[in-house]
Amino acid sequence: MQLRYINFLVFILLTQLAYGQDKGIQFFHGTWEEVLAKAKEQKKIVFVDAFTTWCGPCKRMASEVFTQESVGNYYNTNFINYKYDMEKDGGPTFARQYKITAYPTLLFIDGDGKEVHRELGFRAPEALVTAGRAALKQTDRSGEFKSRYDKGERSPELLRDYAYALLQSGQENLKIANEYLKTQTDLGTEQNLLFLFDFANEADSRIFELMCQHREALSKHKDAATIAAKVRSACDQTVKKAVSFRNPELLAEAKKKFAAFDKAGAKRFAAEADVVYFRETDQKPELVKALDNLVKKFASKDAPKLYESARELIFTVGSPDALAKAEKWAQKSYALEAKYEHALCYATALMKTGRKKEALAVANEAVKLAVAEGKSPGHAEEVIRQCQE
(Lines give C-alpha, C1' and ligand atoms only; values in the text may rest on other atoms or scores of the structure.)
Protein backbone atom coordinates (compact mmCIF):
# COMPACT_ATOMS: atom_id res chain seq x y z
CA MET A 1 0.00 0.00 0.00
CA GLN A 2 2.83 2.39 0.91
CA LEU A 3 4.66 1.66 -2.36
CA ARG A 4 1.46 2.22 -4.34
CA TYR A 5 0.97 5.56 -2.59
CA ILE A 6 4.55 6.60 -3.36
CA ASN A 7 4.12 5.62 -7.00
CA PHE A 8 0.96 7.72 -7.17
CA LEU A 9 2.77 10.74 -5.71
CA VAL A 10 5.54 10.28 -8.25
CA PHE A 11 2.93 10.22 -11.01
CA ILE A 12 1.43 13.50 -9.78
CA LEU A 13 4.89 15.10 -9.55
CA LEU A 14 5.74 14.03 -13.08
CA THR A 15 2.41 15.39 -14.26
CA GLN A 16 3.16 18.76 -12.71
CA LEU A 17 6.67 18.85 -14.14
CA ALA A 18 5.40 17.81 -17.54
CA TYR A 19 2.61 20.37 -17.64
CA GLY A 20 3.38 23.07 -20.16
CA GLN A 21 5.57 20.74 -22.22
CA ASP A 22 4.58 18.89 -25.37
CA LYS A 23 1.49 21.03 -25.90
CA GLY A 24 1.68 20.42 -29.62
CA ILE A 25 1.22 17.28 -31.68
CA GLN A 26 2.43 14.13 -29.96
CA PHE A 27 3.92 11.74 -32.47
CA PHE A 28 3.87 7.96 -32.10
CA HIS A 29 7.28 6.32 -31.94
CA GLY A 30 7.43 2.87 -33.48
CA THR A 31 7.32 1.07 -36.80
CA TRP A 32 4.81 1.79 -39.56
CA GLU A 33 3.24 -1.61 -38.94
CA GLU A 34 2.80 -0.74 -35.25
CA VAL A 35 1.18 2.61 -36.00
CA LEU A 36 -1.31 0.97 -38.39
CA ALA A 37 -2.17 -1.60 -35.74
CA LYS A 38 -2.70 1.18 -33.21
CA ALA A 39 -4.93 3.04 -35.64
CA LYS A 40 -7.06 -0.07 -36.19
CA GLU A 41 -7.32 -0.75 -32.49
CA GLN A 42 -8.35 2.82 -31.66
CA LYS A 43 -10.47 3.24 -34.82
CA LYS A 44 -8.53 6.32 -35.85
CA ILE A 45 -6.81 7.69 -38.93
CA VAL A 46 -3.04 8.09 -39.04
CA PHE A 47 -1.70 11.56 -39.76
CA VAL A 48 1.72 11.23 -41.42
CA ASP A 49 4.23 14.03 -41.73
CA ALA A 50 6.34 12.76 -44.64
CA PHE A 51 9.47 14.92 -44.41
CA THR A 52 13.19 15.13 -45.13
CA THR A 53 15.87 16.67 -42.94
CA TRP A 54 16.92 19.20 -45.60
CA CYS A 55 13.41 20.47 -46.38
CA GLY A 56 12.91 24.08 -45.22
CA PRO A 57 9.09 24.03 -45.10
CA CYS A 58 9.30 20.73 -43.17
CA LYS A 59 11.44 22.42 -40.52
CA ARG A 60 9.00 25.32 -40.31
CA MET A 61 6.08 22.91 -39.85
CA ALA A 62 7.96 21.15 -37.05
CA SER A 63 8.91 24.35 -35.20
CA GLU A 64 6.00 26.70 -35.92
CA VAL A 65 2.92 24.54 -36.51
CA PHE A 66 3.20 21.13 -34.85
CA THR A 67 4.17 22.86 -31.59
CA GLN A 68 0.97 24.92 -31.40
CA GLU A 69 -1.35 23.94 -28.56
CA SER A 70 -4.51 24.37 -30.65
CA VAL A 71 -3.08 22.06 -33.33
CA GLY A 72 -1.97 19.52 -30.73
CA ASN A 73 -5.37 19.50 -29.07
CA TYR A 74 -7.10 18.70 -32.36
CA TYR A 75 -4.64 16.17 -33.76
CA ASN A 76 -3.97 14.34 -30.50
CA THR A 77 -7.71 13.82 -30.04
CA ASN A 78 -8.57 12.75 -33.57
CA PHE A 79 -5.51 11.04 -35.05
CA ILE A 80 -2.56 8.77 -34.44
CA ASN A 81 0.30 11.05 -35.45
CA TYR A 82 3.48 9.82 -37.11
CA LYS A 83 6.62 11.51 -38.47
CA TYR A 84 8.34 9.60 -41.27
CA ASP A 85 11.74 10.60 -42.69
CA MET A 86 11.50 9.76 -46.38
CA GLU A 87 15.24 9.12 -46.67
CA LYS A 88 15.77 6.76 -43.73
CA ASP A 89 14.81 3.18 -42.89
CA GLY A 90 11.54 2.37 -44.65
CA GLY A 91 11.04 5.94 -45.86
CA PRO A 92 12.02 5.43 -49.52
CA THR A 93 9.70 2.41 -49.79
CA PHE A 94 6.88 4.37 -48.16
CA ALA A 95 7.49 7.29 -50.57
CA ARG A 96 7.22 4.99 -53.58
CA GLN A 97 4.11 3.27 -52.26
CA TYR A 98 2.25 6.54 -51.68
CA LYS A 99 3.81 8.38 -54.66
CA ILE A 100 5.44 11.10 -52.58
CA THR A 101 7.60 13.40 -54.70
CA ALA A 102 7.62 16.70 -52.74
CA TYR A 103 8.00 17.70 -49.10
CA PRO A 104 6.37 17.99 -46.77
CA THR A 105 3.57 15.71 -47.88
CA LEU A 106 0.88 15.45 -45.21
CA LEU A 107 -1.00 12.17 -45.47
CA PHE A 108 -4.10 10.83 -43.74
CA ILE A 109 -4.21 7.02 -43.87
CA ASP A 110 -6.65 4.55 -42.33
CA GLY A 111 -5.75 1.45 -40.35
CA ASP A 112 -5.74 -0.67 -43.51
CA GLY A 113 -3.10 1.55 -45.09
CA LYS A 114 -5.54 3.23 -47.48
CA GLU A 115 -4.93 6.90 -48.22
CA VAL A 116 -7.87 9.07 -47.18
CA HIS A 117 -6.58 12.56 -47.85
CA ARG A 118 -3.36 14.42 -48.60
CA GLU A 119 -2.02 17.95 -48.44
CA LEU A 120 1.17 19.17 -50.05
CA GLY A 121 3.54 21.81 -48.68
CA PHE A 122 3.60 24.09 -45.66
CA ARG A 123 0.31 24.57 -43.82
CA ALA A 124 -0.30 27.23 -41.18
CA PRO A 125 -1.95 26.05 -37.92
CA GLU A 126 -5.50 26.93 -38.96
CA ALA A 127 -5.02 25.36 -42.39
CA LEU A 128 -3.66 22.16 -40.85
CA VAL A 129 -6.72 21.83 -38.61
CA THR A 130 -8.93 22.43 -41.67
CA ALA A 131 -7.05 19.65 -43.47
CA GLY A 132 -7.72 17.32 -40.56
CA ARG A 133 -11.43 18.10 -40.66
CA ALA A 134 -11.50 17.40 -44.39
CA ALA A 135 -9.88 14.01 -43.81
CA LEU A 136 -12.37 13.08 -41.09
CA LYS A 137 -15.34 14.02 -43.25
CA GLN A 138 -14.19 11.54 -45.86
CA THR A 139 -14.29 8.72 -43.33
CA ASP A 140 -17.52 9.70 -41.57
CA ARG A 141 -19.50 6.50 -40.93
CA SER A 142 -21.81 8.02 -38.34
CA GLY A 143 -24.82 7.82 -40.70
CA GLU A 144 -24.44 4.07 -41.01
CA PHE A 145 -24.26 3.62 -37.23
CA LYS A 146 -27.12 6.06 -36.65
CA SER A 147 -29.37 3.98 -38.89
CA ARG A 148 -28.67 0.86 -36.83
CA TYR A 149 -29.08 2.82 -33.59
CA ASP A 150 -32.42 4.26 -34.70
CA LYS A 151 -33.64 0.72 -35.44
CA GLY A 152 -33.03 -0.17 -31.80
CA GLU A 153 -29.60 -1.81 -31.81
CA ARG A 154 -27.74 -1.11 -28.57
CA SER A 155 -24.82 -3.55 -28.57
CA PRO A 156 -21.65 -2.26 -26.87
CA GLU A 157 -19.78 -2.66 -30.16
CA LEU A 158 -22.24 -0.47 -32.05
CA LEU A 159 -22.34 2.19 -29.33
CA ARG A 160 -18.55 2.34 -29.20
CA ASP A 161 -18.18 2.54 -32.97
CA TYR A 162 -20.98 5.12 -33.23
CA ALA A 163 -19.42 7.27 -30.49
CA TYR A 164 -16.03 7.26 -32.23
CA ALA A 165 -17.61 8.06 -35.59
CA LEU A 166 -19.36 11.06 -34.07
CA LEU A 167 -16.18 12.17 -32.31
CA GLN A 168 -14.05 11.91 -35.42
CA SER A 169 -16.55 13.80 -37.58
CA GLY A 170 -16.81 16.62 -35.06
CA GLN A 171 -20.40 15.89 -34.01
CA GLU A 172 -21.99 15.80 -30.56
CA ASN A 173 -20.92 12.47 -29.07
CA LEU A 174 -21.31 12.47 -25.27
CA LYS A 175 -24.81 10.95 -25.25
CA ILE A 176 -23.72 7.87 -27.17
CA ALA A 177 -20.39 7.67 -25.34
CA ASN A 178 -22.21 7.64 -21.99
CA GLU A 179 -24.59 4.97 -23.27
CA TYR A 180 -21.60 2.82 -24.16
CA LEU A 181 -20.07 3.27 -20.70
CA LYS A 182 -23.32 2.15 -19.06
CA THR A 183 -22.90 -1.23 -20.80
CA GLN A 184 -19.47 -1.72 -19.20
CA THR A 185 -18.91 -3.40 -15.84
CA ASP A 186 -15.16 -2.77 -15.79
CA LEU A 187 -13.84 0.65 -16.77
CA GLY A 188 -10.30 -0.42 -15.91
CA THR A 189 -9.65 -2.37 -19.11
CA GLU A 190 -7.19 -0.81 -21.54
CA GLN A 191 -9.92 -0.32 -24.14
CA ASN A 192 -12.22 1.47 -21.70
CA LEU A 193 -9.45 3.58 -20.17
CA LEU A 194 -8.49 4.80 -23.63
CA PHE A 195 -12.17 5.40 -24.39
CA LEU A 196 -12.43 7.62 -21.30
CA PHE A 197 -9.32 9.49 -22.38
CA ASP A 198 -10.57 10.02 -25.93
CA PHE A 199 -13.97 11.34 -24.86
CA ALA A 200 -12.92 13.44 -21.86
CA ASN A 201 -12.89 16.60 -23.97
CA GLU A 202 -14.93 18.86 -21.69
CA ALA A 203 -14.24 19.28 -17.98
CA ASP A 204 -17.95 19.71 -17.24
CA SER A 205 -18.74 16.13 -18.23
CA ARG A 206 -19.18 12.83 -16.43
CA ILE A 207 -16.60 11.18 -18.68
CA PHE A 208 -13.96 13.71 -17.65
CA GLU A 209 -14.64 12.92 -14.00
CA LEU A 210 -14.39 9.19 -14.70
CA MET A 211 -11.08 9.68 -16.50
CA CYS A 212 -9.69 11.60 -13.52
CA GLN A 213 -10.92 8.88 -11.16
CA HIS A 214 -9.03 6.29 -13.21
CA ARG A 215 -5.94 8.37 -13.94
CA GLU A 216 -3.60 6.10 -11.98
CA ALA A 217 -4.61 3.12 -14.13
CA LEU A 218 -4.59 5.32 -17.24
CA SER A 219 -0.98 6.29 -16.53
CA LYS A 220 0.05 2.78 -17.60
CA HIS A 221 -1.12 3.61 -21.14
CA LYS A 222 -0.58 7.38 -21.39
CA ASP A 223 2.40 9.29 -20.04
CA ALA A 224 2.05 12.10 -17.50
CA ALA A 225 2.57 14.87 -20.05
CA THR A 226 -0.16 13.47 -22.32
CA ILE A 227 -2.67 13.19 -19.47
CA ALA A 228 -1.81 16.68 -18.21
CA ALA A 229 -2.27 18.10 -21.71
CA LYS A 230 -5.64 16.34 -21.98
CA VAL A 231 -6.83 17.79 -18.68
CA ARG A 232 -5.73 21.28 -19.70
CA SER A 233 -7.44 20.93 -23.07
CA ALA A 234 -10.71 19.76 -21.48
CA CYS A 235 -10.65 22.60 -18.94
CA ASP A 236 -9.88 25.09 -21.71
CA GLN A 237 -12.87 23.73 -23.64
CA THR A 238 -15.14 24.35 -20.67
CA VAL A 239 -13.80 27.90 -20.42
CA LYS A 240 -14.74 28.36 -24.10
CA LYS A 241 -18.20 27.00 -23.33
CA ALA A 242 -18.47 29.46 -20.44
CA VAL A 243 -17.68 32.24 -22.91
CA SER A 244 -20.27 31.00 -25.41
CA PHE A 245 -23.01 30.98 -22.79
CA ARG A 246 -21.61 33.94 -20.81
CA ASN A 247 -21.79 31.61 -17.86
CA PRO A 248 -19.48 32.37 -14.89
CA GLU A 249 -20.56 29.12 -13.20
CA LEU A 250 -18.97 27.11 -16.01
CA LEU A 251 -15.82 29.21 -15.69
CA ALA A 252 -15.72 28.38 -11.97
CA GLU A 253 -16.24 24.69 -12.75
CA ALA A 254 -13.31 24.65 -15.16
CA LYS A 255 -11.08 26.19 -12.48
CA LYS A 256 -12.30 23.71 -9.87
CA LYS A 257 -11.73 20.68 -12.10
CA PHE A 258 -8.23 21.83 -13.00
CA ALA A 259 -7.37 22.45 -9.34
CA ALA A 260 -8.51 18.94 -8.42
CA PHE A 261 -6.00 17.55 -10.91
CA ASP A 262 -3.10 19.99 -10.52
CA LYS A 263 -3.06 22.01 -7.30
CA ALA A 264 0.36 23.47 -8.08
CA GLY A 265 -0.79 24.97 -11.37
CA ALA A 266 -4.34 25.82 -10.34
CA LYS A 267 -3.89 29.51 -9.56
CA ARG A 268 -2.13 30.20 -12.83
CA PHE A 269 -4.77 28.32 -14.79
CA ALA A 270 -7.48 30.34 -13.02
CA ALA A 271 -5.70 33.59 -13.83
CA GLU A 272 -5.32 32.65 -17.50
CA ALA A 273 -8.93 31.46 -17.68
CA ASP A 274 -10.15 34.80 -16.32
CA VAL A 275 -8.21 36.62 -19.05
CA VAL A 276 -9.82 34.49 -21.75
CA TYR A 277 -13.32 34.82 -20.29
CA PHE A 278 -13.26 38.59 -19.82
CA ARG A 279 -11.58 39.19 -23.18
CA GLU A 280 -14.04 37.08 -25.14
CA THR A 281 -17.09 38.45 -23.30
CA ASP A 282 -15.81 42.02 -23.86
CA GLN A 283 -15.68 42.96 -20.18
CA LYS A 284 -12.79 45.41 -20.46
CA PRO A 285 -12.47 46.65 -16.84
CA GLU A 286 -12.47 43.04 -15.61
CA LEU A 287 -9.97 42.10 -18.34
CA VAL A 288 -7.53 44.76 -17.14
CA LYS A 289 -7.80 43.43 -13.58
CA ALA A 290 -7.36 39.85 -14.78
CA LEU A 291 -4.26 40.72 -16.82
CA ASP A 292 -2.82 42.67 -13.91
CA ASN A 293 -3.36 39.69 -11.62
CA LEU A 294 -1.75 37.30 -14.14
CA VAL A 295 1.31 39.48 -14.65
CA LYS A 296 1.88 40.31 -10.98
CA LYS A 297 1.55 36.74 -9.76
CA PHE A 298 2.98 34.66 -12.59
CA ALA A 299 4.58 36.68 -15.38
CA SER A 300 6.58 39.56 -13.90
CA LYS A 301 9.75 38.13 -15.47
CA ASP A 302 8.14 36.23 -18.36
CA ALA A 303 8.99 38.27 -21.46
CA PRO A 304 6.57 36.54 -23.88
CA LYS A 305 3.66 36.80 -21.43
CA LEU A 306 4.47 40.45 -20.65
CA TYR A 307 4.51 41.13 -24.38
CA GLU A 308 1.20 39.34 -24.96
CA SER A 309 -0.44 41.12 -22.02
CA ALA A 310 0.80 44.52 -23.19
CA ARG A 311 -0.59 43.89 -26.67
CA GLU A 312 -3.90 42.88 -25.12
CA LEU A 313 -4.14 46.18 -23.28
CA ILE A 314 -3.09 48.21 -26.32
CA PHE A 315 -5.32 46.65 -28.95
CA THR A 316 -8.23 45.18 -26.95
CA VAL A 317 -8.71 47.77 -24.21
CA GLY A 318 -6.96 50.95 -25.32
CA SER A 319 -7.99 53.15 -22.38
CA PRO A 320 -5.44 55.65 -20.95
CA ASP A 321 -4.92 53.59 -17.79
CA ALA A 322 -4.52 50.40 -19.81
CA LEU A 323 -2.02 52.06 -22.17
CA ALA A 324 0.08 53.31 -19.26
CA LYS A 325 0.20 49.81 -17.82
CA ALA A 326 0.94 48.33 -21.25
CA GLU A 327 3.88 50.70 -21.66
CA LYS A 328 5.47 49.41 -18.44
CA TRP A 329 4.95 45.76 -19.38
CA ALA A 330 6.20 46.27 -22.92
CA GLN A 331 9.29 48.07 -21.64
CA LYS A 332 10.06 45.18 -19.31
CA SER A 333 9.50 42.53 -21.98
CA TYR A 334 11.89 44.43 -24.28
CA ALA A 335 14.47 44.71 -21.49
CA LEU A 336 14.23 40.98 -20.83
CA GLU A 337 14.31 39.95 -24.50
CA ALA A 338 15.49 42.40 -27.15
CA LYS A 339 13.37 40.96 -29.95
CA TYR A 340 11.65 42.73 -32.82
CA GLU A 341 8.09 42.06 -31.61
CA HIS A 342 8.91 43.27 -28.09
CA ALA A 343 10.56 46.45 -29.36
CA LEU A 344 7.64 47.10 -31.71
CA CYS A 345 5.14 46.64 -28.89
CA TYR A 346 7.07 49.03 -26.65
CA ALA A 347 7.33 51.63 -29.44
CA THR A 348 3.59 51.33 -30.12
CA ALA A 349 2.75 51.81 -26.43
CA LEU A 350 5.00 54.86 -26.21
CA MET A 351 3.42 56.35 -29.31
CA LYS A 352 -0.11 55.80 -28.03
CA THR A 353 0.71 57.45 -24.70
CA GLY A 354 1.99 60.51 -26.55
CA ARG A 355 5.72 59.96 -26.02
CA LYS A 356 6.58 60.18 -29.71
CA LYS A 357 10.26 61.07 -29.35
CA GLU A 358 10.95 57.98 -27.25
CA ALA A 359 8.69 55.89 -29.49
CA LEU A 360 10.70 56.98 -32.54
CA ALA A 361 13.97 55.85 -30.97
CA VAL A 362 12.60 52.45 -29.98
CA ALA A 363 10.92 51.97 -33.38
CA ASN A 364 14.26 52.59 -35.10
CA GLU A 365 15.79 49.89 -32.89
CA ALA A 366 12.90 47.62 -33.84
CA VAL A 367 13.74 48.06 -37.53
CA LYS A 368 17.33 46.97 -36.86
CA LEU A 369 16.12 43.93 -34.93
CA ALA A 370 13.70 42.99 -37.72
CA VAL A 371 16.53 43.03 -40.26
CA ALA A 372 18.76 40.97 -37.95
CA GLU A 373 15.97 38.43 -37.40
CA GLY A 374 15.08 38.21 -41.10
CA LYS A 375 11.62 39.72 -40.61
CA SER A 376 9.74 42.50 -42.35
CA PRO A 377 10.08 45.83 -40.47
CA GLY A 378 6.90 47.20 -42.05
CA HIS A 379 4.96 47.71 -38.80
CA ALA A 380 7.90 49.43 -37.12
CA GLU A 381 8.30 51.71 -40.14
CA GLU A 382 4.62 52.61 -39.83
CA VAL A 383 5.19 53.62 -36.19
CA ILE A 384 8.14 55.75 -37.33
CA ARG A 385 5.95 57.43 -39.96
CA GLN A 386 3.23 58.22 -37.43
CA CYS A 387 5.76 59.59 -34.93
CA GLN A 388 7.21 61.91 -37.57
CA GLU A 389 3.85 63.39 -38.59
Side-chain angles (χ1 to χ4, degrees), residues 20 23-24 60 63-65 67-71 124-126 236 239 243 268-389:
K23 288 186 176 181
R60 282 190 63 203
S63 63
E64 299 176 17
V65 180
T67 54
Q68 294 295 308
E69 185 174 0
S70 60
V71 175
E126 298 81 4
D236 284 343
V239 172
V243 168
R268 176 153 190 162
F269 173 81
E272 292 175 344
D274 282 341
V275 169
V276 172
Y277 183 79
F278 293 126
R279 180 210 304 134
E280 299 301 325
T281 55
D282 197 28
Q283 299 183 55
K284 292 180 181 178
E286 289 80 3
L287 174 59
V288 175
K289 292 177 184 177
L291 284 166
D292 194 50
N293 176 57
L294 177 64
V295 168
K296 283 181 178 178
K297 291 183 177 178
F298 305 105
S300 61
K301 295 182 181 179
D302 184 338
K305 186 60 71 174
L306 285 165
Y307 159 72
E308 291 171 11
S309 301
R311 278 184 54 84
E312 194 93 66
L313 291 180
I314 293 169
F315 297 107
T316 303
V317 183
S319 65
D321 289 347
L323 290 173
K325 196 181 295 289
E327 181 191 314
K328 292 179 182 179
W329 293 350
Q331 180 184 28
K332 193 166 185 180
S333 74
Y334 179 43
L336 289 168
E337 291 185 4
K339 294 183 176 181
Y340 168 61
E341 288 85 358
H342 297 186
L344 175 61
C345 183
Y346 183 30
T348 303
L350 288 166
M351 181 184 69
K352 288 184 175 291
T353 54
R355 299 166 64 180
K356 290 190 175 182
K357 184 176 180 180
E358 295 171 69
L360 183 61
V362 177
N364 279 311
E365 290 301 313
V367 170
K368 294 177 184 177
L369 287 168
V371 173
E373 295 172 17
K375 297 176 180 176
S376 169
H379 291 299
E381 290 171 345
E382 175 62 21
V383 173
I384 291 171
R385 186 189 65 77
Q386 292 184 43
C387 288
Q388 291 175 335
E389 288 181 348

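Keep in mind that this is a model prediction, so the values were computed, not measured.
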Tell me, do [X] and [Y] make a side-chain contact under 4.5 Å, heavy atoms counted?
X    : Y    : answer
E373 : E341 : yes
L306 : Y334 : no
I314 : T348 : yes
T281 : E286 : no
V383 : C387 : yes

Atom [atom1] in [X], atom [atom2] in [Y]: separation rounded to 0.5 Å?
X    : Y    : atom1 : atom2 : value
E280 : L287 : CD    : CG    : 9.5 Å
E365 : L360 : CD    : CG    : 10.5 Å
I384 : K356 : CD1   : NZ    : 13.5 Å
L313 : W329 : CG    : CH2   : 5.0 Å
L350 : L323 : CG    : CG    : 11.0 Å
D274 : K289 : CG    : NZ    : 12.0 Å

Locate the shortest heavy-atom distance separating A322 from V288; write the atom from each residue and the value.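 That would be CB-CG2, 4.4 Å.
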
Restricting to non-hydrogen atoms, name the atom on A347 and the atom on A363 that form the minimum distance, rounded to 0.1 Å.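 In this case the closest contact between A347 and A363 is CB-N, 3.7 Å.
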
Under a 3.5 Å threshold, yes or no: a donor from one side chain and an acceptor from the other, between Q68 and S70?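 No, no side-chain donor-acceptor pair sits under 3.5 Å.
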
For residues Q386 and E382, is any side-chain donor paired with an opposing acceptor at under 3.5 Å?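 Distance-only check passes for Q386 and E382.
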
Are any side-chain N or O atoms of E327 and backbone N or O atoms of T353, one a donor and one an acceptor, separated by less than 3.5 Å?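 Checked: no pair found.
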
Give a yes or no answer on whether the side chain of K332 reaches the backbone of S300 with a donor-acceptor pair at less than 3.5 Å.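 Present.
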
Residues that D292 engages under salt bridge (charged side-chain N to carboxylate O under 4.0 Å, His left out), provided they are two or more places apart: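 With sequence neighbours excluded, D292 shows a salt bridge (charged side-chain N to carboxylate O under 4.0 Å, His left out) to K296, K325, given in chain and number order.
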
